Amino acid sequence: MRETELEFPGRVLYLTEDPDKLKAQLYGGVDLPFDPAEKLIDNISTDELTPGWVCYYYDETLARYCLVGLRGGHVEKDAIKDGGFSVIVSGVSKGCGSSRETAPFSELKAGIRLVIAKNIEKIYGQNCQNIGLLTSTDFSLIPRIRKGEAIPIEEFTQGLDPIAAEIVRHGGLFAYNQARLAGRTAPPPLATKTRPMTLCEKIIAQRAIADAKTGRLGVAAVAPGDALFVRTDVRFSHEYVTPMAEALFKMGLGADAKITDPGSVFAFRDHLTFLDRVMPQKHIDMGLKEQAASLATVQERFTTQQGVRLYGEVERGGKTVGSEGICHNIVIEDLAEPGQLVIGTDSHTCMAGALGCFAFGVGSTDMANSWFTKDVRVKVPESVRVELTGELRPGVAAKDVMLHLLSDAFFKSGDGIGKVLEFGGPGTMALPLDERATLTNMAVEAGGFTGIIEADDVVVEHIHALRGTERERLRGQIVRADPGASYVKTFAIDLAAIEPTVATPGDPRNGVPLGAFRRQHGEVAVDIAYGGSCTGGKKADMDMYAEVVRKALDAGRALAAKTYIQFGSQRIRDYAEKMGYVQLFEQAGVELIDPSCGACIKAGPGVSFTKDEVTISAINRNFPGRSGPGQVYLASPYVVAASAFLGHVGGPDEL
């Protein structure tokens, strides 16, 4: 157990929007007075805490690069580590974006003991708890800390569920689990009585570990706020994270630790497949090319030792051409089933919720723990119901629905943090599976816990066709929300009223209808058009790109921007070949890219190289530094393809 009272003798760093004040703290030794009116930076993403290239490290080296990706470029290498800071303070929504545990780990190893912000994003906050980094949304702590007051540990457990509180008291997840396995602590028994439950609540109740000794699963009911451990069905990681999780696994359980049930564990070589094509010379000079390559080597060795299925690279024509597929696309194609519980070391694990399973991202420590126990802790989240009716108009896609939804004040204010987005209604169920997957994929952009859609025969037939799984077994696994289930908020959206929508640079929640965007900004010139990633590289997305490309070519137009289309998996590439899309795209001059995360994480063709470049992209997030230093506008495949020919942000109607 950590001490019951904590002191923070180091300095307090305010991540202020005023660059002069920020630099004065970092390099001038200036300690700012506490000023509640000081405008602090909002929406600091994990990409800013540890940019993609920093994540090639997975040890204490991360401390040297803490916050070097912060917008404005004012934080230099070693600035946080050498600044003597113990507290970092920022504004709304700290830790949005990727689930990378390297972000809080870099803060912890740089000497930070406490993170204070107006909201703490769900995955980032859980990662902080797991490694012993304290968080708080109580700004009144700051004057007390500045006076040298010892703060009771209970001030950092207020509002937490019992398990999270115990993890904080023990100083991290592994210390807590050692106490738990030794019988020195245990989660409190659930006392929730039978009640109508949402879709995710019902899956959690079915997968709840009712008796850790016998392995008995299932409880009568759960309710928001209940804390428990749940049994996982699928656990996966990728080369960006597997090495760090392995290090934590062996650190916590010993060098000879073995994965429990390796048949339900999967690994992917899908994030850095094309990194060598775009790595800047300065990073090569820093030795990062070799450091990044080592991640795949370490993962391959680990999976071989542990007997874990590795989805690796693919050869065509005698050379390596890309990955088997992006993890999220493969999970939907090969692995997840209705009613299951799926965890992955990636925030977009929620994409699998399109199959009617409870799928969510976790950090390295949670994954390392689950490799041994097969379980993961969950605080039952509140659910938001998104009821879709009507039909999308031609040229409008699920991506537009999500950009419209994310622009609502509920999500922009951070009220959506940690919530489940449960999509339903006749409009949802009329969408093809790929479009449903766009909805669940981008739930995390709302700060959400996950997204989920009730499975139906569309899902059953999809899985049966790809895997031969028995239809009746799949139907028997379908979970449905109960009538009368409680939702914290309900959105009713008529799909026919949705317009093509663009999210302006900086945040996926910056959505503006395309018509209003044109009136406000005029013709915004586009240098790069990128169609791909897990969100924009599905079969349905290929259909959309092809529809616009064919229309443009028939109109005698030529590409006016450098244009890329990247497939989400080899199956999707095969589909594009079969449909004649590959020939069509190549005829238009599009650069086609085999499956990999690539440009989405600034690790493949399609990235920008200067701040002045403008990208129109079908990816899911555009936080600062995402896809390069340039400005990234998010849009549907229709708008991305049209903009590529127009040379400015625009829709197919302009062709």
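None of these values were measured; they are calculated from a predicted model.
- Here the OG-CD1 distance, from S90 to I41, works out to 8.0 Å after rounding to the nearest 0.5 Å.
- Closest approach of G91 to A117, counting heavy atoms only: O-CB, 3.4 Å.
- Between R393 and D653, no side-chain nitrogen of the basic residue sits less than 4.0 Å from a carboxylate oxygen of the acidic one, so the salt-bridge criterion is not met.
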For side-chain contact (heavy atoms from CB on, under 4.5 Å), just list the numbers for V458 and M429, CA-CA rounded to whole Å, side-chain angles, deciding distance to a tenth of an Å, and then say yes or no.
CA-CA 9 Å; V458 171; M429 307 317 290; over 6 Å; no
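- Partners of E76 by salt bridge (charged side-chain N to carboxylate O under 4.0 Å, His left out), not counting sequence neighbours: none found.
- With Y240 contributing its side chain and R100 its backbone, the two residues share no donor-acceptor pair below 3.5 Å.
- Rounding to the nearest 0.5 Å gives a distance of 7.0 Å between OH of Y564 and CD1 of I593.
- At least one donor-acceptor pair closer than 3.5 Å links the side chain of K399 to the backbone N or O of A618.
- T320 OG1 to F274 CZ: the interatomic distance, rounded to the nearest 0.5 Å, is 9.5 Å.
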Is there a side-chain contact (heavy atoms from CB on, under 4.5 Å) between Y581 and I565 once you walk through the steps?
CA-CA 11 Å; Y581 297 161; I565 292 178; over 6 Å; no
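- A donor and an acceptor atom, one from each side chain of S533 and Q566, are nowhere located under 3.5 Å apart.
- A donor-acceptor pair under 3.5 Å is absent between the side-chain atoms of E613 and the main chain of D527, judged by distance alone.
- Residues I123 and S347 have side chains in contact (heavy-atom distance under 4.5 Å, counting atoms from C-beta outward).
- The number of heavy atoms from other shown groups lying within 6.0 Å of CD (E591) is above 12.
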Apply side-chain contact (heavy atoms from CB on, under 4.5 Å) to the pair L431 and T438, showing each step before the final yes or no.
CA-CA 11 Å; L431 292 172; T438 297; over 6 Å; no
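- The residue from T428, I453, I452 that alone fulfils the side-chain contact (heavy atoms from CB on, under 4.5 Å) condition with E422 is I452.
- Of the N and O atoms on the side chains of N620 and T535, at least one donor lies less than 3.5 Å from an acceptor on the other residue.
- Judged by distance alone, the side chain of D400 and the main-chain N or O of T501 form a donor-acceptor pair under 3.5 Å.
- Between D47 and K602 there is no salt bridge, since no side-chain nitrogen of the basic residue lies less than 4.0 Å from a carboxylate oxygen of the acidic one.
- Side chain of R467 to backbone of E333: a donor-acceptor contact under 3.5 angstrom is found.
- Side-chain N or O atoms of R509 include none that pairs as donor or acceptor with a backbone N or O of A446 at under 3.5 Å.
- Between E324 and R309, at least one side-chain N (NZ, or NE/NH1/NH2) sits under 4.0 Å from a carboxylate O, which counts as a salt bridge.
- Listed here is the closest heavy atom pair of E121 and G447: OE1-CA, 3.3 Å.
- If you check the side chains of N441 and H328, you find no donor sitting under 3.5 Å from an acceptor.
- One N or O on the side chain of E101 and one on the backbone of S364 form a donor-acceptor pair closer than 3.5 Å.
- For the pair R571 and Y575, the cation-pi criterion (under 6.0 Å, within 45° of the ring axis) is not fulfilled.
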How far apart are the C-alpha atoms of V241 and D346, what are their side-chain angles, what is the distance that settles it, and do they pass the side-chain contact (heavy atoms from CB on, under 4.5 Å) test?
CA-CA 9 Å; V241 180; D346 194 290; over 6 Å; no
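- Residues Q570 and D574 bring no donor and acceptor atom of their side chains to less than 3.5 Å of each other.
- Taking CZ from F423 and CZ from F491, the interatomic distance works out to 10.0 Å, rounded to the nearest 0.5 Å.
- Counted within 6.0 Å of CD on E391, heavy atoms from surrounding residues, nucleotides or ligands total 12 or fewer; the atom is thus considered open.
- Side-chain contact between Y56 and L272: present, with at least one pair of heavy atoms (C-beta onward) separated by less than 4.5 Å.
- With hydrogens and angles disregarded, no donor-acceptor distance shorter than 3.5 Å links the side chain of R557 to the backbone of L646.
- Residues F449 and C350 are not in side-chain contact: their nearest non-hydrogen atoms beyond the backbone lie 4.5 Å or more apart.
- When side chains are defined from C-beta on, D594 does not count as touching V314, because their heavy atoms never get closer than 4.5 Å.
- Inspection of the S617 and R626 side chains reveals no N or O donor paired with an N or O acceptor under 3.5 Å.
- Looking only at atom types and distance, the side chain of Q631 has no donor-acceptor partner in the side chain of N622 under 3.5 Å away.
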Please set out all donor-acceptor pairs under 3.5 angstrom arising from side-chain atoms of residues 401-417, sequence neighbours excluded.
from	atom 1	to	atom 2	distance (Å)
S407	OG	H404	O	2.7
D408	OD1	F410	N	2.8
S413	OG	A409	O	2.9
S413	OG	F410	O	3.2
S413	OG	D415	N	3.4
S413	OG	D415	OD2	3.2

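- Atom OH of Y124 is separated from atom CD of E107 by 3.5 Å, given to the nearest 0.5 angstrom.
- Ring geometry for F268 versus Y311: interplanar angle under 30°, hence parallel rather than tilted (30 to 60°).
- Under the rule for a salt bridge (charged side-chain N to carboxylate O under 4.0 Å, His left out), the partners of K538 that lie at least two apart in sequence or sit in another chain are D541.
- Defined by atom type and a distance below 3.5 Å, a donor-acceptor pair is missing between the side-chain atoms of S608 and T615.
- Considering only heavy atoms from C-beta on, V54 stays 4.5 Å or farther from S106 through its side chain.
- Within the 4.5 Å cutoff, the side chain of L584 has no heavy atoms near those of the V590 side chain.
- Between the side chains of T345 and S237, not a single donor N or O lies within less than 3.5 Å of an accepting N or O.
- The pair R269-E300 fails the salt-bridge criterion, with no side-chain N (NZ, NE, NH1 or NH2) lying under 4.0 Å from an Asp/Glu carboxylate O.
- The CG atom of L15 sits 11.0 Å away from atom CG of D42, with the distance rounded to the nearest 0.5 Å.
- Few gaps surround NZ on K551; more than 12 heavy atoms of other groups in view lie less than 6.0 Å from it.
- With hydrogens and angles disregarded, a donor-acceptor distance shorter than 3.5 Å links the side chain of S596 to the backbone of D270.
- When all heavy atoms of P605 and A599 are compared, the closest pair comes out as O-CB, 3.4 Å.
- Looking at T46, its side chain never comes within 3.5 Å of a backbone N or O of L49 through a donor-acceptor pair.
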